[in-house]
Amino acid sequence: MAVIDAGVAVKTSPDRRQARTAWGLAGPALALMFLILLVPVLVAGVLSFSNYSLGNSGFDWVGVQNYERLFTRSTYEKMFIATFTYVVTVVPISVGLGLGAALLVHSLGRIGDIYKTIYFLPVMATLLAMAIAWEFMLHPTIGMVNRTLEMACGTWFEALPFFATGCADGFPLWLGDKDYAIWVVCFIGIWQGFGFNMVLYLAGLTSVHRELYHAAEMDGAKSAWERLRLVTWPALGPTTVFVVTISCIRAFQVFDTIEAFWPQGGGPNKSAYVMMFAIFEKGIQQNLIGIGSAITMLFLLFVMFLTLIQRWLVERKVHYG
């Protein structure tokens with residue numbers, strides 16, 4: 001028995017040394033992660049229950065008052081509407097277009113590299129610079145968009161209600177009309193984001209084994225639609241979960257376009273007043289750190305919720321293989 005105990009002691013001693021060594025090597029990275037990631041979140045969580053402002057010698061604890069304001073005031077109601085309108089619009093369309101572009105490029109072989117570059121250009125470009133370019137194109141009088149629409153006047157397009165109204169009274173003031181502002185931002189978000197999704201789907205398509213298509217053909221899947229429905233789409237399950245999650249997080253983070261178009265107001269009548277712009281306005285421009293921290297905590301809650309959904313779906317093995 002003593003020999004066995006000694007053997008166990010001899011065996012476990014190196015394991016303990018390895019564990020201490022592992023913790024010693026990981027310790028600096030964990031400490032840095034705690035200081036850079038977790039401490040700011042904890043500080044923001046504490047400040048969200050106060051009326052703190054930078055430069056003040058003190059502050060008062062207000063409890064959940066900041067959160068009550070977020071759910072009771074019309075300004076923040078517009079914030080939630082604009083944010084979720086953007087997310088619900090941009091995510092499914094950009095994911096669908098990304099999948100379609102990936103299937104197209106993947107089927108073209110080497111010539112597909114040209115389209116891959118074209119579709120990915122908006123992702124590589126600085127969104128703030130692209131927003132300024134779009135601002136010029138959407139100008140009501142000299143912009144390319146309205147000038148192009150005016151060319152349809154006098155043709156059969158004028159029978160359509162939109163063109164009939166535009167030719168008679170002028171086409172919309174895209175960035176100055178509350179009915180169009182958020183949709184313009186959504187369009188730019190889709191244009192800028194679907195190329196990124198295309199690249200992710202292309203990476204997923206390379207992992208689909210050709211044998212699966214051959215087996216599907218032997219089972220009667222002759223058309224391209226049947227191969228897509230029975231083989232490609234199920235095999236892209238993990239990729240789709242990742243793409244949707246990343247697209248949702250990126251959609252919640254939209255800021256550059258709003259700040260470039262409306263640096264002082266978040267759109268006409270705050271129709272494009274998204275959460276990230278609200279954090280910037282309250283926390284930076286107006287120095288209301290308390291309410292800005294409360295919006296930040298809600299933003300982190302939404303992102304964490306999306307991350308947990310992704311992990312749950314991945315653990316359920318959404319792929320077929």
Smallest separation among heavy atoms of Gly195 and Phe120, with atom names: O-CD1, 3.7 Å
Point-to-point distance, once rounded to the nearest 0.5 Å, from CD1 of Ile279 to CD of Gln253: 10.0 Å
Shared hydrophobic cluster for Ile132 and Met137 (ILVMFWY, side-chain gaps under 4.5 Å): no
Close side-chain approach of Leu38 to Met33, heavy-atom, < 4.5 Å: no
Steps toward side chain to side chain contact (heavy atoms under 4.5 Å, CB included) verdict (Asn51, Leu288): CA-CA 7 Å; Asn51 62 356; Leu288 300 175; over 6 Å; no
N/O donor-acceptor pair under 3.5 Å between Ser293 side chain and Gly45 backbone: no
Heavy-atom closest pair, residues Thr206 and Ala203: OG1-O, 2.5 Å
Pair listing, disulfide bond (SG atoms under 2.5 Å apart) test, anchored in residues 105-162, at least two apart: Cys153-Cys167
Atom pair CG/CD1 of Leu300 and Ile295 - distance to nearest 0.5 Å: 12.0 Å
Close side-chain approach of Leu236 to Leu99, heavy-atom, < 4.5 Å: yes
Criterion side chain to side chain contact (heavy atoms under 4.5 Å, CB included) on Met275 and Leu298, from CA distance to verdict: CA-CA 9 Å; Met275 292 186 73; Leu298 281 181; 4.0 Å; yes
Check against side chain to side chain contact (heavy atoms under 4.5 Å, CB included), Asn66 and Phe49: CA-CA 7 Å; Asn66 289 329; Phe49 297 100; over 6 Å; no
Centroid-centroid under 6.0 Å between Trp174 and Trp183 rings: no
Atom pair CG/CD1 of Leu47 and Ile291 - distance to nearest 0.5 Å: 12.5 Å
Plane angle bin for Phe162 and Phe171 - parallel if under 30°, tilted between 30 and 60°, otherwise perpendicular: tilted
Same apolar cluster: Ile284 and Met79, side chain cutoff 4.5 Å: yes
Residue from Phe280, Phe261, Phe299 passing ring-ring contact (aromatic ring centres under 6.0 Å, His included) with Phe255: Phe280
hydrophobic_cluster_shared for Val39 and Ile289, side chain cutoff 4.5 Å: yes
Polar side chain donor-acceptor pair, Asn287 to Lys282, under 3.5 angstrom: no
Flag side-chain contact, heavy atom, 4.5 Å: Ile309 against Thr245: no
Nearest heavy-atom neighbours spanning Arg250 and Gln192: NH2-OE1, 3.5 Å
Atom pair CG (Leu32) and CG (Leu37), whose distance is rounded to the nearest 0.5 Å: 8.0 Å
Check: Tyr67/Ser48 side-chain N/O donor and acceptor closer than 3.5 Å: yes
For the student: nearest non-hydrogen atoms of Trp262 and Leu175, plus distance: NE1-O, 2.8 Å
Any side-chain heavy-atom pair of Val105 and Met198 under 4.5 Å: yes
Thr257 side, atom OG1; Glu135 side, atom CD - distance, nearest 0.5 Å: 11.0 Å
Phe196 ring center near Tyr201 ring center (under 6.0 Å): no
Stepwise ring-ring contact (aromatic ring centres under 6.0 Å, His included) test for Phe187 and Trp134: CA-CA 11 Å; Phe187 174 81; Trp134 276 106; 5.5 Å; yes
For Asn269 against Lys178, the heavy-atom pair lying closest together: ND2-CD, 3.7 Å
Under 3.5 Å: donor-acceptor pair, side chain of Thr89, backbone of Tyr86: no
Option from Ile258, Ile81, Thr75 for which side-chain contact (heavy atoms from CB on, under 4.5 Å) with Tyr273 holds: Thr75
Same apolar cluster: Trp233 and Phe194, side chain cutoff 4.5 Å: yes
Nearest-0.5 Å distance, CG of residue Leu103 to NE2 of residue His106: 8.5 Å
Least distance between heavy atoms, Leu35 atom then Pro40 atom: O-CD, 3.3 Å
Connected via hydrophobic side-chain network under 4.5 Å: Phe59 and Leu54: yes
Side chains of His139 and Ile142 in contact at under 4.5 Å (non-hydrogen atoms): yes
Derivation and outcome, side chain to side chain contact (heavy atoms under 4.5 Å, CB included), residues Arg69 and Tyr76: CA-CA 8 Å; Arg69 292 170 61 186; Tyr76 301 112; 4.1 Å; yes
Leu306 and Phe252, any side-chain heavy atoms less than 4.5 Å apart: yes
Side chain proximity check, Trp312 to Thr307, heavy atoms < 4.5 angstrom: no
Under 3.5 Å side-chain donor-acceptor pair for Ser247 and Asn197: yes
Ionic contact status for Glu281 with Lys270, cut-off 4.0 Å: yes
